[in-house]
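A short write-up of the structure that comes next.
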2 protein chains.
Amino acid sequence: MSKKRNTTLKELSKELSLSISTVSRALNDHPDISLETKEKVKKLAKQMNYVPNLFARGFRSRETHILGVIVPNISHLFTSTIIKGIIEEAELRGYRVIISESNNDDTKQIEMLNTMTQFGVDGVLMSLARKTKDVEEVLKVLNRIPIVLFDKVSSKIPCTQVVINEEEAAFNAVEHLIELGKKRIAIIKETENSYNSEKRFAGYLRALNQYDIPVRDKLILSTEDISLGNGRRLANILISMKKRPDAIFAITDNAAIGAIKALHKFKIKIPDEIAVVGFSNSINSTIISPALTTVDQPGDKIGRTAVRFLIEEIVSPTNEVNTKTVEIKTSLIVRDSSLMV
Amino acid sequence: MSKKRNTTLKELSKELSLSISTVSRALNDHPDISLETKEKVKKLAKQMNYVPNLFARGFRSRETHILGVIVPNISHLFTSTIIKGIIEEAELRGYRVIISESNNDDTKQIEMLNTMTQFGVDGVLMSLARKTKDVEEVLKVLNRIPIVLFDKVSSKIPCTQVVINEEEAAFNAVEHLIELGKKRIAIIKETENSYNSEKRFAGYLRALNQYDIPVRDKLILSTEDISLGNGRRLANILISMKKRPDAIFAITDNAAIGAIKALHKFKIKIPDEIAVVGFSNSINSTIISPALTTVDQPGDKIGRTAVRFLIEEIVSPTNEVNTKTVEIKTSLIVRDSSLMV
DNA sequence: CTGAAAGCGCTTACAG
DNA sequence: CTGAAAGCGCTTACAG
């Protein structure tokens, strides 16, 4: 079965002995065209299964109604939730979405960004690769089309940025621990100063300060790769201390879960001896036992918001540089890992 | 900052006092063009930041090098892993990917399929919505462009289908339980006869038959929505039986995890009293304790394979109907939930 | 080795 | 109310 080509305006017009222009106008409900003609044209179009070639249309108008999305890794639940939000909001507004992964590779990221602009996307949504140094190239693209950053952002790129209230979220998490009566609160964070890690750490510090709790360097642990395994490893260090912490705030759920596993091994009671709080509200946080207290990040909303701002900029371009940062509110979900009875 | 328009061939040609054709050919390394000219052109192109408008190019050649992907829900780990594979393989071969969700809605699915063809995608990869009745519309599209189905497939659509060896995988899982000495093996499956559930159930039956273990209707439980909650609920039914099963095979990890939670509540020893096996190898399966024995489905490979077959059909269209089913091998990952000491 | 011209499918200002 | 023509940016068969 060989593939049929799509019906074109030309074919319709020939069939009807009308001009292409008239057919086009009839299909687009142009007021100039008589009702009779319109009906005739539409009927045949339906019959011949005509679908407009959006490519040709977009090509002409310089608008593709396609948005590009670049993320480090699509198969992280949080990321795919954001993308879900992006797709839904975009479709609602008549846009389609092309998705690409940078795999946290700076070069790949730029490459994707470039091919996307080549494809004529109307705008780009992007979450930056871990070590994005080469901001120059991003700026070049930003000269041509609107870009909105989300989740992993950078102040070096002057554009709209959609993030969660990292600092405040961390503050709330740590405050919650303090309210439980915890005084020696450890943090497990990233070594490298990613935007997220930095902000969350700042929130941790602010909470301690505000409640006059001394900041102890020994309780501040960092790791390159904030994984479950490293969470476990760092928790082991904490456990082996002469004076153990009475709470652990891990800046990701995975690290928190690693910590819980380590605590289990030493039969340390959670939360009585050591409470644990994570960050993300991943599915895992309800599977682990005790269930993990964590910060819920509304990925869907982040995605939708980013799309809204991007389309705004596409539709009504301004001459001003958009550098606003939009903060999406998170909420702390308290579960057994910090529920004192 | 107003957005610059992209540099075009025309601009380059004017600048160089060459014809558009020559510039085009120079950029594409056409053998006719002198080296000198080529270098001159390429240098200016770089200088003026020229990027070819792939839209125009694709428009002309009737090839967009865009693949459409439609899945029920992108934010399931298994799905996003498949998509990761799709994106990577597609990019490797110079294709870009547009992704859409059907949300398991038949109508939405068709709608997406249609707008995708309108966008001129070269082919479509799709995992069907749960209750896909309206196969007619899909067939219409199949008349125009190649479609490859994956994961959720249907024999009613004559095209290449990429799936895992569902039946064999289930057989292996149940055989494993039998080898542990289990004799009363319950199954938790879907009520509705989805392709996956049906095949897995068939594998369960074949294993029992092959080892001369009687099939007991009471041990065959079904649910509409195969979720954690329902896994728990059905496990409770099994637990309340006079003669309990000694193993549970749940056709999804979530249901298996629900079952484990139920067993925990009744302090039933896993796997000694009741062993549990799931299906998917989701992250959760290592978070729950005891860690869950489960079937690993190589999502990445499914995605890559589907892309390969699709591009094959795009590049060399045949007049034959492609109805082959490609089975991707899974493997059983044995963990504590079925590890007898 | 280079150029003028046609054409991909569509929209739209201009004429009538 | 309808049509002929130009143009979006590119490639390529045809001429020279």
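This structure is a prediction, so every number in the text was calculated from the model and none was measured. Order of the sequence lines fixes the chain letters, A, B, ..., with proteins taken first and strands second; residue numbering starts at 1 for each chain.
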Rounded distance in Å - [atom1] ([X]) to [atom2] ([N]):
X: B:I20; N: C:dC1; atom1: CD1; atom2: C1'; result: 18 Å
X: A:D32; N: C:dG16; atom1: CG; atom2: P; result: 16 Å
X: B:L27; N: D:dT11; atom1: CG; atom2: P; result: 8 Å
X: B:D29; N: C:dC1; atom1: CG; atom2: C1'; result: 15 Å
X: A:E36; N: D:dT2; atom1: CD; atom2: C1'; result: 13 Å
X: A:E63; N: D:dG9; atom1: CD; atom2: P; result: 14 Å
X: B:R25; N: C:dT2; atom1: CZ; atom2: P; result: 10 Å
X: B:H30; N: C:dC1; atom1: NE2; atom2: P; result: 11 Å

- Item | Derivation and outcome, side chain to side chain contact (heavy atoms under 4.5 Å, CB included), residues A:L12 and A:T8 | CA-CA 7 Å; A:L12 289 180; A:T8 65; over 6 Å; no
- Message: Please confirm whether the shortest side-chain N or O distance from A:Y50 to OP1 or OP2 of C:dG9 is below 4.0 Å.
- Response: no
- Can you tell me if the side-chain N/O atoms of A:T22 get under 4.0 Å from OP1 or OP2 in D:dT2?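 False: A:T22 side-chain N/O out of range (4.0 Å or more) of D:dT2 OP1/OP2.
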- Query: Atom CZ of A:F150 and atom CG of A:L310: how far apart are they, to the nearest 0.5 Å?
  - Reply: 10.5 Å
- Message: Within this structure, what is the CG-NZ distance for the pair A:N49 and A:K46, rounded to the nearest 0.5 Å?
- Response: 10.0 Å
Please tell me which of the listed nucleotides, [options], lies nearest to the side chain of [X]?
X: B:N28; options: D:dC1, C:dC14, D:dT11; value: D:dT11
X: B:S21; options: C:dA5, D:dT2, C:dT2; value: C:dA5
X: A:T8; options: D:dC10, C:dC10, C:dT2; value: C:dC10
X: B:L9; options: C:dG3, D:dT11, C:dC1; value: D:dT11
X: A:L18; options: C:dT11, D:dC10, D:dG3; value: D:dG3

- Task: Step by step, work out the side chain to side chain contact (heavy atoms under 4.5 Å, CB included) result for B:I328 and B:T305.
- Result: CA-CA 9 Å; B:I328 305 293; B:T305 308; 3.5 Å; yes
- Task: Heavy atoms only: give me the nearest B:M126-B:L128 pair and the separation to one decimal.
- Result: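 Taking every non-hydrogen atom into account, CE-CD2, 3.5 Å.
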- Query: Would you call B:K140 and B:E137 a salt bridge, using N to O less than 4.0 angstrom?
  - Reply: yes
- Message: Heavy-atom nearest nucleotide on DNA chain C for A:S24 versus A:K10: which residue maps closer to 5'?
- Response: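 Residue closer to the 5' terminus by nearest nucleotide: A:K10.
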- For DNA chain C, what dot-bracket results from Watson-Crick or G-U pairs at under 3.5 Å, with [ ] for crossers and | for inter-strand partners? |||.||||||||.|||
- Query: Per the salt bridge (charged side-chain N to carboxylate O under 4.0 Å, His left out) rule, which among A:E313, A:E89, A:E88 passes with A:R308?
  - Reply: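 Filter result, single survivor: A:E89.
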